[in-house]
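The block underneath contains the structure these notes are about, expressed in structure tokens.
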Amino acid sequence: MTDKVEPLELARGVYWVGVIDWNLRDFHGYVTPKGTTYNAYLIVDEKITLVDTVKAEFSAEMLKRISQIVDPAKIDHVIVNHVEMDHSGSLPAIMTAAPDATIYCSKNGKDGLHLHYKAYGCEDWDIEVVKTGSELSLGSKTLMFIEATMLHWPDSMHTYIKEDKILLSSDAFGQHIATSKPFDDEVEDVMAEAAEYYANILMPFGRVILKYIDTVKELGIDINMIAPGHGIIWRQDPAKIIEAYGRWARGETNKKVLIIYDTMWGSTHIMANSILEGIKAAGVEVKLLNIRKNDLSSIITEVLEAPVIIVGSPTLNNGIFPSVSELLTYLKGLHPKGKQAVAFGSYGWGGGAVKAVEKELEMAGFELIEPGLQIRYRPDEEGIAACLQLGERIAGFVQ
Ligand code: FEO
């Protein structure tokens with residue numbers, strides 16, 4: 001995206017009018033070291049149409065960008081693909097500028113708008129409900145709507161510009177990258193960022209994603225460009241990100257084991273390294289992450305690609321160490337599909353962490369493939385040997 005005066009035109013009459021949030025470092029808990037963008041799109045045809053808006057604090061910037069192209073008062077239609085406020089937050093500002101505009105959204109979107117914007121007079125807004133396959137003629141261009149329920153909110157939908165073959169995909173296929181280069185062929189590591197975004201936002205919705213991909217196939221639409229609600233626009237190879245979503249949604253992984261742990265006095269750390277050595281010795285790729293030295297967002301991205309996760313926690317006050325608890329709470333919400341797990345950890349007297357971690361892992365949807373290993377105080381030679389053997393056995397599950 002660009003801050004320069006010339007508007008960014010994706011196709012004739014289709015403009016990016018979003019904003020770049022360069023300094024965003026936390027997106028409701030998701031760590032965003034590269035910032036993000038809130039992408040909105042303006043279609044100038046016989047009917048002038050805005051697709052999505054931006055976070056409320058950037059309303060003036062978006063209106064200024066629109067004003068470089070048309071008078072915002074001339075907007076006829078506003079498409080609300082998604083009610084979450086990073087995309088709808090500037091709707092009150094738009095409806096103030098263009099009070100006669102008609103809003104198009106899903107049924108759940110209409111309900112969501114009423115629950116968010118009562119204080120802004122939304123009762124007076126003209127809101128039309130659309131469904132998958134509904135079309136709206138703008139003159140020379142036609143919009144078709146595709147409901148994307150629970151991808152990732154109940155109200156989510158996408159807008160397809162038929163003549164330009166552009167899919168405006170709201171949160172789906174996005175990434176949190178703030179960049180002055182708007183397209184996938186201009187930015188490195190876009191797939192890695194897309195994977196992190198998928199893991200942290202869309203992982204719980206694999207079944208919905210596969211159904212959505214089927215719907216797009218059934219509609220028989222060609223897609224030349226995917227313009228999501230965040231990050232770069234896929235113009236070089238939009239099929240690549242759809243294929244990746246299919247792969248992630250089906251739970252396809254690399255042959256890799258991930259060890260995630262925290263430690264109090266180093267004993268669980270010794271266990272983690274010994275288990276790692278056992279896995280390595282069996283010729284299987286393994287990665288080790290200390291929870292307090294890595295942010296949860298990047299840990300979850302590693303979980304996406306690993307079929308087996310080993311979680312280690314020391315016992316603190318008869319239970320799980322707090323940082324490990326936080327990880328497990330996050331995992332329960334994301335509920336990864338088709339993954340296996342093992343728990344381990346050290347303890348001093350009563351123990352308790354390993355059993356509790358196992359319970360949480362099961363609640364998060366993991367299949368436990370080995371009994372948890374716990375060692376009292378420091379791992380001695382025998383304890384280290386037990387860790388090595390556990391690692392070797394675990395490696396057998398991914399070979
Ligand atoms: Fe980017 Fe669900 O909001």
Side-chain angles (χ1 to χ4, degrees), residues 1 16-41 50-59 61-62 78-94 103-117 145-159 167-179 182 190 193-209 212 226-234 241 245 248-249 296-297 300-301 330 333-335:
M1 299 11 156
W16 176 84
V17 290
V19 299
I20 306 173
D21 195 348
W22 293 102
N23 292 307
L24 185 85
R25 293 293 176 266
D26 182 325
F27 191 95
H28 55 49
Y30 172 169
V31 178
T32 52
K34 295 183 180 171
T36 195
T37 69
Y38 312 109
N39 297 337
Y41 302 95
L50 178 67
V51 182
D52 295 321
T53 72
V54 300
K55 247 187 187 174
E57 69 199 78
F58 296 103
S59 297
E61 188 179 333
M62 184 187 70
V78 182
I79 313 300
V80 177
N81 277 328
H82 183 24
V83 175
E84 193 163 10
M85 287 180 289
D86 50 330
H87 304 288
S88 73
S90 293
L91 197 54
I94 289 294
I103 294 171
Y104 294 85
C105 61
S106 66
K107 160 111 184 32
N108 289 327
K110 184 171 180 175
D111 296 342
L113 288 177
H114 281 290
L115 291 167
H116 277 78
Y117 296 110
F145 303 103
I146 306 167
E147 288 168 280
T149 312
M150 290 318 299
L151 210 170
H152 69 128
W153 273 25
D155 53 82
S156 299
M157 69 172 202
H158 299 170
T159 300
L167 180 67
L168 307 174
S169 64
S170 186
D171 277 332
F173 312 122
Q175 344 78 45
H176 285 312
I177 311 175
T179 170
V190 180
E193 293 299 331
E196 181 148 353
Y197 181 98
Y198 180 96
N200 283 276
I201 307 248
L202 297 165
M203 195 192 275
F205 308 112
R207 241 191 347 236
V208 178
I209 286 162
Y212 169 84
I226 297 178
H230 297 287
I232 64 91
I233 293 160
W234 306 90
I241 186 64
Y245 266 50
W248 294 327
L296 281 185
S297 310
I300 294 302
T301 311
Y330 198 35
L334 293 169
H335 214 83

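Every number for a ligand or one of its atoms is a count from 1 in the order of the listing.
Of the possible donor and acceptor atoms, one in the side chain of Ser106 sits under 3.5 Å from a partner among the backbone N and O of Gly109.
Nearest N/O/S atom of His230 relative to atom 1 (Fe) of ligand 1: this is NE2. The nearest N/O/S atom of Glu84 to atom 2 (Fe) of ligand 1 is OE1. When the N, O or S atoms of Asp171 are ranked by distance to atom 2 (Fe) of ligand 1, OD2 comes first. Of all N/O/S atoms in Asp86, OD2 sits nearest atom 1 (Fe) of ligand 1.
The nearest N, O or S atom of His82 is closer to atom 2 (Fe) of ligand 1 than 2.8 Å.
The aromatic rings of Phe145 and Tyr104 sit parallel, their planes meeting at an angle under 30°, below the 60° perpendicular limit.
Residues His82 and His158 keep their aromatic ring centres 6.0 Å or farther apart. Under the 6.0 Å cut-off for aromatic ring centres, His176 and Phe27 qualify, their centroids lying closer than that.
Test Val19, Thr53, Asp52, Ile20 against Tyr38 for side chain to side chain contact (heavy atoms under 4.5 Å, CB included) and you get one pass: Val19.
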